[in-house]
Amino acid sequence: MEILVQNLSKKFRQEFVIRQFNYTFRSGNSYAITGPNGSGKSTLLQLIAQFTLPNKGTVEMVGIDAELVYSQITYAAPYVELIEEYTLPEHLDILVKNKYLPASVTLELLEDFIDLQPGRFKLIKNYSSGMRQKIKLGFALLSDRPVLLLDEPTTNFDEQAKNWFFNRLEQQRHKLIIVASNEAREIEFCHEKIAIQDFK
Ligand SMILES: Nc1ncnc2c1ncn2[C@@H]1O[C@H](COP(=O)(O)OP(=O)(O)OP(=O)(O)O)[C@@H](O)[C@H]1O
């Protein structure tokens with residue numbers, strides 16, 4: 001898998017958040033997008049995912065039809081919400097039906113993966129913020145899609161949960177991973193670092 005980004009620019013109102021960004025992302029590599037608050041890390045991640053359109057430039061997933069790009073990506077971010085009124089089994093069911101997760105991901109497997117005590121009738125909104133983040137990451141990490149996009153993945157995590165995440169992330173090295181973050185541990189995992197300030 002290769003994502004080719006050429007001459008990408010994005011502005012909100014009259015102000016450029018990203019200007020003339022060029023990069024090639026490849027499977028088996030992990031990339032950190034770094035920069036101060038409000039510098040455009042999340043915007044760049046959303047542009048790469050093609051969730052949002054650029055003002056100029058292109059993002060191409062090489063060899064993949066434009067309509068199928070979404071089916072190659074898993075995305076975990078504070079602004080990508082879980083369905084709060086669902087229970088975990090209901091949520092899992094919908095992700096399997098929509099092919100976000102393979103059918104081999106059973107409830108038992110998911111609960112084991114995220115170290116969750118079974119609480120099958122509990123609504124997602126009644127889990128703690130750290131647990132909700134773990135569920136979100138569990139869904140992303142158990143997917144077999146080749147591109148994994150993570151925005152500030154260890155937000156709301158204590159040390160134990162951070163260890164859980166980094167151990168499981170190690171098993172994803174074959175994927176193309178992009179992390180938007182300023183957190184030292186999230187960045188040090190990555191092979192390449194992209195400073196957003198270089199594209200202003
Ligand atoms: N939909 C939008 N409409 C208008 N402005 C926006 C929109 N999305 C982002 N921005 C602006 O673009 C800039 C970059 O925002 P972005 O969220 O990408 O930064 P960030 O580096 O991810 O920030 P943080 O580290 O705080 O999460 C900010 O000034 C933000 O206000």
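Classified by interplanar angle (parallel below 30°, tilted 30° to 60°, perpendicular above 60°), the ring pair Tyr79/Tyr75 is perpendicular.
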Q: Test side chain to side chain contact (heavy atoms under 4.5 Å, CB included) on His174 and Ser27 and set out the steps.
A: CA-CA 6 Å; His174 56 288; Ser27 289; over 6 Å; no
Q: Evaluate the criterion side chain to side chain contact (heavy atoms under 4.5 Å, CB included) for residue pair Val179 and Ile187; output intermediate values, then yes/no.
A: CA-CA 7 Å; Val179 185; Ile187 294 167; over 6 Å; no
Q | Candidate pair Leu148 and Leu176, rule side chain to side chain contact (heavy atoms under 4.5 Å, CB included), full reasoning | A | CA-CA 6 Å; Leu148 176 60; Leu176 190 171; over 6 Å; no
Q.
side chain to side chain contact (heavy atoms under 4.5 Å, CB included), that's the test. Do Phe165 and Lys134 meet it? Break it down for me.
A. CA-CA 8 Å; Phe165 170 70; Lys134 222 171 175 188; over 6 Å; no
**Q.** Verdict with supporting geometry, Glu183 and Thr154, side chain to side chain donor-acceptor pair (under 3.5 Å)
**A.** CA-CA 9 Å; Glu183 168 85 18; Thr154 61; 4.7 Å; no
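The closest side-chain heavy-atom distance from Lys56 to Asn7 is not below 4.5 Å. Using a 4.5 Å heavy-atom cutoff, the side chains of Lys10 and Thr52 are in contact. Counting heavy atoms from C-beta on, the side chains of Ile194 and Thr34 never come closer than 4.5 Å. The shortest distance between side-chain heavy atoms of Phe16 and Lys200 does not fall below 4.5 Å. Here the side chains of Ile48 and Ile33 are in contact, with some heavy-atom distance below 4.5 Å. For the pair Leu123/Glu85, a side-chain contact is recorded, criterion being any heavy-atom separation below 4.5 Å from C-beta on. Contact annotation: the side chain of Leu88 approaches that of Leu107 to within less than 4.5 Å [non-hydrogen atoms, C-beta and beyond]. In this structure the side chain of Phe113 never reaches within 4.5 angstrom of the side chain of Glu108, judged on heavy atoms.
The main-chain N or O of Val59 is never found under 3.5 Å from a side-chain atom of Gln6 such that the two would form a donor-acceptor pair. Between the side chain of Gln172 and the backbone N or O of Leu141 there is at least one donor-acceptor pair closer than 3.5 Å. Side-chain N or O atoms of Lys41 include one that pairs as donor or acceptor with a backbone N or O of Gly35 at under 3.5 Å. A distance-only check finds no donor-acceptor pair linking the side chain of Arg145 to the backbone of Thr74 [under 3.5 Å]. His191 contributes a side-chain N or O that, together with a main-chain N or O of Ser30, makes up a donor-acceptor pair within less than 3.5 Å. Proximity of a side-chain donor or acceptor of Lys193 to a complementary backbone N or O of Cys190 within less than 3.5 Å is detected.
Grouping the Ile, Leu, Val, Met, Phe, Trp and Tyr side chains by contacts below 4.5 angstrom, directly or via other members, places Leu4 apart from Ile178. Linking Ile, Leu, Val, Met, Phe, Trp and Tyr residues whenever their side-chain heavy atoms come within less than 4.5 Å leaves Leu149 and Leu142 in two separate clusters.
For the atom pair Ser128 OG and Asn156 CG, the distance stands at 8.5 Å (nearest 0.5 Å). Rounded to the nearest 0.5 Å, atoms CG (Asp151) and CG (Leu45) are 5.5 Å apart.
You'll find the ring centres of Phe139 and Tyr100 outside the 6.0 Å limit.
Side chains of Glu192 and Tyr23: a donor-acceptor N/O pair is present below 3.5 angstrom, by distance only. Defined by atom type and a distance below 3.5 Å, a donor-acceptor pair is present between the side-chain atoms of Arg185 and Asn163.
Salt bridge status for Asp93 with Lys97: present, with a side-chain N to carboxylate O gap under 4.0 Å.
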